Structure formats: C-alpha cells, structure tokens
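These notes are about the structure you will find just below.
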Amino acid sequence: MKIINRELVEEDYADLKEAMIEAYQGIGGEYWRKSKIDLLLGKFPEGQICVEVDGKVVAVALSIIITYEKFGDEHTYAEVTGNYTFKTHDPKGDVLYGIEVFVHPEYRDMRLGRRLYDARKELCERLNLRSIVAGGRIPNYNTYAKELTPKQYIDKVKRRELYDPTLTFQLANDFHVRKVLSSYLPGDTESKDYATLLEWNNIYFQPANKRTNPSDSIIRIGVVQWQMRLFKDVNAFFEQVEFFVDAVSSYKADFIQFPEFFNMPLLAQFNDMPEPQAVRKLADYTDVVRKKMQEFAISYNVNIVGGSMPLVEDGKLYNAAYLYRRDGTSEEFRKIHITPNEVRHYGMVGGDEVRVFDTDCGKIGIVICYDIEFPELSRLLARQGMEILFVPFLTDTQNGYMRVRNCAMARAIENECYVAISGCVGNLPRVENMDIHYAQSAVFTPSDFQFPTNTIKAEATANTEIMLIVDVDLLQLKELHEHGSVQIMKDRRTDLYDVVMRKKSKSKPKGVLLSDGTM
C-alpha cells in the first residue's frame with residue numbers, strides 16, 4: 001500500500017466524485033460539481049489537498065483564504081464562500097478557512113483525516129496565516145437536542161462525556177470552539193442547523209509589520225563561572241569583567257550572566273571592620289560598578305545580567321542584581337528571600353518587587369540564589385510571560401549548590417522556560433564569610449521531545465573558572481506551550497488554587513547611570 005499527500009488536480013475529479021457520493025450518504029449532502037472544484041483549483045490550488053491511496057484519491061480537504069474581519073464570528077457558509085463562487089478568497093487575507101473535509105467510508109480506519117488536518121496546519125504556517133477557521137457540523141446533536149442546548153452538548157463533548165464523530169475529532173486535533181453558529185448550513189438536520197465555529201491558532205504567525213527571520217528566535221547566552229580572586233583595586237576587577245564581556249561579544253551573544261556577589265573580592269580592603277560595616281562600605285562601589293557595566297553593555301552590544309552586589313538605600317542593606325540592556329537602559333532586582341546567613345552576618349533585608357523585564361530578546365526574569373528555592377516566585381514570573389530565567393548564585397558547599405541546581409531544574413520544567421544559573425568558584429582567604437565556593441553553572445530546559453532528555457542544555461566543569469556559550473530557541477517554548485506532551489502552565493487548576501501577588505511593581509526602566517550618580 002502506498003499513501004501520498006498532495007495537491008488536488010483536475011484529473012482527480014472522477015475519484016473525488018466517487019468518494020464524495022459515498023461520504024455524503026445518510027446526511028443528505030450533494031456532491032461538489034466539477035465546475036466548483038475547477039473554480040477552487042484556479043483560485044487557490046495549494047489549498048486543495050488530497051490523500052491518494054494506491055493511486056486513488058480517497059480523502060480531500062478544501063479551503064480558501066479570507067480576510068476574517070470582513071465576516072467576523074457571525075456568518076454562514078454561503079456568506080463565507082461567496083454563495084459558492086469563492087469570490088471571497090483573498091490571497092492577502094489572514095485566515096485559512098476550511099470549507100470541506102471528507103474521507104471515503106472504506107478508508108476511515110486509516111486516520112486519513114489527521115493527515116489532511118496536519119497538511120492544512122503546515123500550509124497555514126508556510127503562508128504565515130493567523131489561524132485556521134472552519135464551521136463544524138455536530139452530527140450527533142440531533143440525538144440529544146431535546147435535553148441539551150448546543151452549548152451544553154458541546155461542553156459534554158469537550159469533557160468526553162459524549163462522543164461526536166466530527167467535533168471529537170476536531171478537538172483532538174487542537175481546534176477550539178470560538179462559538180456556536182445557528183443556521184450556518186441550512187438543511188443539516190443531524191446538527192439541527194447548528195455548527196461550531198472552530199479555530200486552530202498558528203503560534204508562528206507574525207504580522208507583516210513585525211515579520212522576522214525564524215533564526216531570530218535563537219538566543220545566545222554566555223554564562224560566566226566566576227573565579228573568586230583578590231584584586232589590587234577596582235580597575236583590576238573591571239579588567240577581569242571586561243575580559244568575559246569581550247569574549248562573549250565576539251561570539252555574538254545576546255546575554256552574558258555574572259554570579260551573585262561577584263564583586264565580593266573587593267571586600268578584602270575592609271576586612272578589619274565588622275562584617276555588617278564592611279559590606280556597607282563595599283556597597284559604596286555599587287554605583288561605580290553599575291556605571292561601568294552599563295558602559296560594557298553598550299560598547300560590546302550585549303545585555304548583561306546579574307552580578308549581584310550589596311546596595312544601601314534608606315539605611316537598609318539589600319542584595320541587588322541588575323539587567324544592563326545594550327540600548328542603554330537598566331533594571332534592578334532585589335533578592336526577595338534572604339538567607340539566615342545574610343541576615344546573621346550582614347543584616348540584609350529582602351526586596352518586594354516581582355516582575356519580568358522586557359528585552360530585545362524576549363521577556364526575562366531574574367531571581368537570586370535562595371529565591372529559586374521558592375517555586376511561587378518563578379511561577380509569578382512565568383505568568384507574566386517570562387521565557388528565560390537568570391539565576392546568579394553563590395554557594396559555599398556542594399549541598400547548598402545542589403539545592404540551587406535541583407530547584408532550578410524543577411523551575412524550568414514546571415514553568416516551561418529556560419533557566420540559566422551562574423555561580424562563583426574558588427577561595428577568598430582574606431575575606432570573612434567568603435572562604436570557599438562550590439559551583440557548576442548550567443542552562444536547563446523543560447522536559448519534552450525537543451529538549452535534552454536530562455533537561456541539561458549545557459553545564460560547566462565544576463569548580464573551574466569557565467564560560468558557557470549556549471543557544472536556546474524561544475520557538476521551542478511556544479511549541480511546548482501549545483503542543484507539549486504535557487502542558488503544565490495550561491493545566492493548572494486555577495479553579496482550585498492560585499498564586500497571587502500582594503504588591504504590584506511600580507518600577508520603570510532606568511536610563512544610563514552618569515558619572516555623578518544621576519540617571
């Protein structure tokens with residue numbers, strides 16, 4: 001047996017007519033005349049798809065392109081087809097409208113309908129159309145019409161409490177019901193003249209004014225595993241930072257990420273002070289470092305993430321990480337969950353803003369180390385559209401690192417996003433409370449067929465200064481959201497539980513930090 005999907009041609013009409021006559025038996029439909037098929041083939045040949053089995057056409061899907069706003073959700077089959085003249089076909093339209101699908105009854109156990117639906121989806125994507133729309137019969141409704149409204153019947157079919165040969169199949173092929181249409185196809189007694197208005201959304205659709213190359217979905221991330229070393233002064237520190245930024249930039253990366261407290265080596269000069277005072281003195285460098293990092297982001301054309309530092313504001317000590325965009329703006333995130341060690345040794349307090357940041361490479365989130373161990377925080381970011389979560393961290397022992405690593409892997413799976421973790425390694429013998437560090441920086445993915453089976457996109461050699469260069473594909477996230485084996489974000493039981501923000505962010509993107517400390 002040989003099965004072929006292809007475009008319909010005029011020579012197929014004899015097979016087509018036979019298949020239609022058999023398919024329409026019992027439902028009162030009239031087969032399509034050759035003149036109508038010829039009209040469709042003349043106007044939109046690639047939209048007329050058939051399945052050939054051993055040289056015989058046994059299944060067909062017919063369609064046109066329409067400008068949907070001309071018809072809206074309230075229309076009839078006659079209106080959308082131009083009373084069967086197909087003058088409504090518009091090559092510049094935005095929707096692929098399905099006007100017919102049928103399979104010869106003798107071949108219905110071969111799942112040929114699925115082949116036709118998949119071919120339509122491929123066509124919709126190839127032509128960059130917004131969606132596929134069709135009016136669908138509900139042939140089993142006549143059995144339940146006395147006890148159920150059309151909406152009630154459709155809801156029961158959705159819940160698999162009832163079976164409808166057409167609607168059940170369409171729902172299984174990722175179509176959703178926009179609404180119920182009345183008098184859509186007069187004479188359809190089985191459906192009681194009702195129909196479902198069905199839609200399949202093309203997740204790859206891009207409006208003409210925002211059209212981009214598919215390769216634009218590939219985002220390159222540089223993850224720095226930072227060696228703790230003593231620096232003679234802040235300029236030596238900047239030299240080491242610039243080395244990594246320069247290297248990542250030469251690989252045309254979109255982001256570079258530095259770890260939590262990466263500037264702690266500068267604390268050595270204050271080692272004669274009590275720890276709370278020493279960290280507050282280190283915070284005097286924060287504006288200087290911010291200014292320099294913003295200069296690097298602009299001059300090397302790369303978005304810089306992380307590199308958390310102590311920050312003093314209104315007498316309170318925070319642990320703050322920054323996003324330095326390559327367009328000159330910047331953002332701040334203050335660690336929400338402060339570890340007992342940070343409270344005990346430094347007197348730090350937590351921030352109170354949870355939000356995503358817009359970049360030229362999509363929406364990102366930033367959380368710092370201990371924050372990743374609180375799943376509610378990442379879930380809130382995911383609900384705001386986060387696609388990549390950056391986690392600068394600093395852990396002293398391996399068990400501390402494993403908490404960060406395992407939680408980061410879980411966050412990637414449960415929030416259907418990428419997670420990049422970046423840590424410090426090495427020793428600082430002359431800096432109190434910063435003696436040893438353990439890290440194995442990495443980029444993690446969700447868990448499904450298009451991702452690595454162990455969900456590890458890339459990982460560094462443990463406890464060695466190194467840099468990862470990693471490509472992630474945002475389109476794969478879209479595919480996961482819509483067509484994944486499981487769809488975690490969609491399947492949450494928000495009727496039963498939810499995660500809610502009690503405070504709303506009021507922050508706005510910052511400008512370039514000037515030399516005098518103003519914005």
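If you're wondering where the values come from, they're calculated on a predicted model, not measured in any experiment.
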Q. Are Arg290 and Asp287 close enough for a salt bridge, meaning some N to O gap below 4.0 Å?
A. yes

Q: Output yes when Lys121 and Glu125 qualify as a salt bridge under the 4.0 Å nitrogen-oxygen rule, no when they do not.
A: no

Q | Close side-chain approach of Gln206 and Asn128, heavy atoms under 4.5 Å | A | yes

Q. Which of these, Leu311, Val312, Ile338, sits in a side-chain contact (heavy atoms from CB on, under 4.5 Å) with Leu317?
A. Val312

Q: Looking only at non-hydrogen atoms, find the nearest pair between Ile368 and Asn319 and report the distance.
A: CD1-O, 3.6 Å

Q: Could you go through the salt bridge (Lys or Arg N to Asp or Glu O under 4.0 Å) check for Arg405 and Glu459 one step at a time?
A: CA-CA 11 Å; Arg405 178 188 178 93; Glu459 60 184 342; 2.9 Å; yes

(Q) The test is side chain to side chain contact (heavy atoms under 4.5 Å, CB included); show your working for Val157 and Leu171 and say whether it passes. (A) CA-CA 9 Å; Val157 174; Leu171 294 174; 4.2 Å; yes

**Q.** Contact summary for Gly93 and Thr67, nearest pair of heavy atoms
**A.** CA-OG1, 3.5 Å

Q: Could you tell me the separation between the OG1 atom of Thr464 and the CD atom of Gln227, rounded to the nearest 0.5 Å?
A: 8.5 Å

Q: Could you walk me through whether Arg493 and Asp495 pass the salt bridge (Lys or Arg N to Asp or Glu O under 4.0 Å) test, one step at a time?
A: CA-CA 5 Å; Arg493 285 288 306 277; Asp495 61 316; 2.7 Å; yes

Q: Go through Leu96 and Val133 one step at a time and tell me if the side chain to side chain contact (heavy atoms under 4.5 Å, CB included) criterion holds.
A: CA-CA 6 Å; Leu96 185 68; Val133 175; over 6 Å; no

Q) Is it the case that Asp448 and Ser485 place a side-chain donor and acceptor less than 3.5 Å from each other? A) yes

**Q.** Aromatic contact, Phe237 with Tyr285 (centres under 6.0 Å)
**A.** no

Q | Presence of salt bridge, Lys316 and Glu313, under 4.0 angstrom | A | no

Q: Quick one: pull up SG in Cys361 and CD1 in Ile219 and give me the separation to the nearest 0.5 Å.
A: 4.0 Å

Q: Calculate, to the nearest 0.5 Å, the distance between atoms OH and CZ belonging to Tyr324 and Phe258 respectively.
A: 10.0 Å

Q. Are a donor atom and an acceptor atom from the side chains of Glu242 and Tyr300 found within less than 3.5 Å of each other?
A. yes

Q. Is the closest side-chain heavy-atom distance between Phe262 and Met309 below 4.5 Å?
A. yes

Q. So which heavy atom on Tyr251 is nearest to which on Arg220, and how close?
A. O-NH1, 2.9 Å

Q.
Testing the 3.5 Å rule here: is there a donor-acceptor pair between the side chains of Tyr370 and Glu342?
A. no

Q. In terms of ring plane angle, is the pair Phe231 and Trp226 parallel, tilted or perpendicular, where the classes change at 30° and 60°?
A. tilted

(Q) A side-chain contact here means heavy atoms from C-beta on lying under 4.5 Å apart; do Tyr401 and Ile421 qualify? (A) yes

Q.
Using side chain to side chain contact (heavy atoms under 4.5 Å, CB included), reason through Glu373 and His337 one step at a time and then give a plain yes or no.
A. CA-CA 9 Å; Glu373 299 173 32; His337 302 94; over 6 Å; no

Q) Do Glu260 and Ser308 get their side chains close enough for a donor-acceptor pair, meaning under 3.5 Å? A) no

**Q.** Minimum side-chain heavy-atom gap His176-Trp200 below 4.5 Å
**A.** no

Q.
Please find the pair of heavy atoms, one from Gly328 and one from Ile298, that lie closest to each other, and give the distance.
A. CA-CD1, 3.8 Å

Q.
Can you tell whether the side chains of Glu199 and Lys179 come within less than 4.0 Å, N to carboxylate O?
A. no

Q. What about the rings of Tyr117 and Phe175, do their centers lie closer together than 6.0 Å?
A. yes

For residues 387-397, which side-chain N or O atoms pair as donor and acceptor with protein atoms under 3.5 Å away, sequence neighbours left out?
unit_1, atom_1, unit_2, atom_2, d
Glu387, OE1, Lys363, N, 3.2
Thr395, OG1, Tyr438, O, 2.7
Thr397, OG1, Asn399, OD1, 2.4

Q) What's the spacing between Leu129 CG and Cys124 SG if we round to 0.5 Å? A) 5.0 Å

Q: State the OG-CD distance between Ser447 and Glu414, to the nearest 0.5 angstrom.
A: 12.5 Å

Q.
Is there a side-chain contact between Arg492 and Tyr497 in this structure, where contact means two heavy atoms from C-beta onward sitting under 4.5 Å apart?
A. yes

Q: Please report the closest heavy-atom contact between Arg120 and Gly98, naming both atoms and the distance.
A: NH2-CA, 3.5 Å

**Q.** NZ/NE/NH1/NH2 to OD/OE distance under 4.0 Å, Asp118 and Arg114
**A.** no

(Q) To check you understand the geometry: which heavy-atom pair defines the closest contact between Cys417 and Leu477, and what is its length? (A) CA-CD2, 4.1 Å

Q. Do the side-chain N and O atoms of Thr359 and Asn303 include a donor-acceptor pair separated by under 3.5 angstrom?
A. no

Q) Given side chains that start at C-beta, do those of Ile65 and Val95 come closer than 4.5 Å, heavy atoms only? A) no

Q: Taking only Lys NZ, Arg NE, NH1 and NH2, and the carboxylate oxygens of Asp or Glu, determine whether Lys335 and Asp371 approach each other closer than 4.0 Å.
A: no

Q | Side-chain H-bond candidate by donor/acceptor type, Asp327 with Thr329, under 3.5 Å | A | yes

(Q) Could you check whether atom CZ of Arg111 has more than 12 heavy atoms from other residues, nucleotides or ligands sitting under 6.0 Å from it? (A) no

Q) Between the side chains of Tyr322 and Glu332, does any donor sit under 3.5 Å from an acceptor? A) yes

Q: Applying side chain to side chain contact (heavy atoms under 4.5 Å, CB included), run through Met467 and Val223 and close with a yes or a no.
A: CA-CA 6 Å; Met467 180 171 58; Val223 177; over 6 Å; no

Q.
Is the terminal nitrogen or CZ of Arg334 (NZ for Lys, CZ for Arg) located under 6.0 angstrom from the six-membered ring centre of Tyr318 and within 45° of that ring's axis?
A. yes

Q) Of the options Gln152, Arg159, Lys151, which is the one that meets Asp155 in a side chain to side chain donor-acceptor pair (under 3.5 Å)? A) Lys151

Q.
Looking at Arg326 and Asp360, is any side-chain nitrogen of the basic one under 4.0 Å from a carboxylate oxygen of the acidic one?
A. yes

Q.
Counting C-beta onward and ignoring hydrogens, is there a side-chain heavy-atom pair between Val354 and Leu377 closer than 4.5 Å?
A. yes

(Q) For Lys92, is the NZ atom crowded, meaning more than 12 foreign heavy atoms sit under 6.0 Å from it? (A) no

Q) Please walk me through it: do Arg126 and Glu122 pass salt bridge (Lys or Arg N to Asp or Glu O under 4.0 Å)? A) CA-CA 6 Å; Arg126 187 168 72 249; Glu122 291 172 6; 5.6 Å; no

(Q) Check this for me, if you would: do Asp498 and Arg383 make a salt bridge, where the nitrogen-to-carboxylate-oxygen distance has to be below 4.0 angstrom? (A) yes

Q: Using a strict cut-off of less than 4.0 Å between a Lys/Arg side-chain nitrogen and an Asp/Glu carboxylate oxygen, indicate whether Glu465 and Arg229 qualify as a salt bridge.
A: yes

Q: Verify, without hydrogens or angle tests, whether Asn201 (side chain) and Ile203 (backbone) share a donor-acceptor contact under 3.5 angstrom.
A: no

Q. Looking at side-chain heavy atoms only, is the closest gap between Ile436 and Leu428 below 4.5 Å?
A. no

(Q) Looking at Arg379 and Glu376, is there a salt bridge between them, counting it only when a charged N and a carboxylate O are closer than 4.0 Å? (A) no

Q) Is there a donor in the side chain of Ser217 and an acceptor in the side chain of Asp473, or the other way round, less than 3.5 Å apart? A) yes

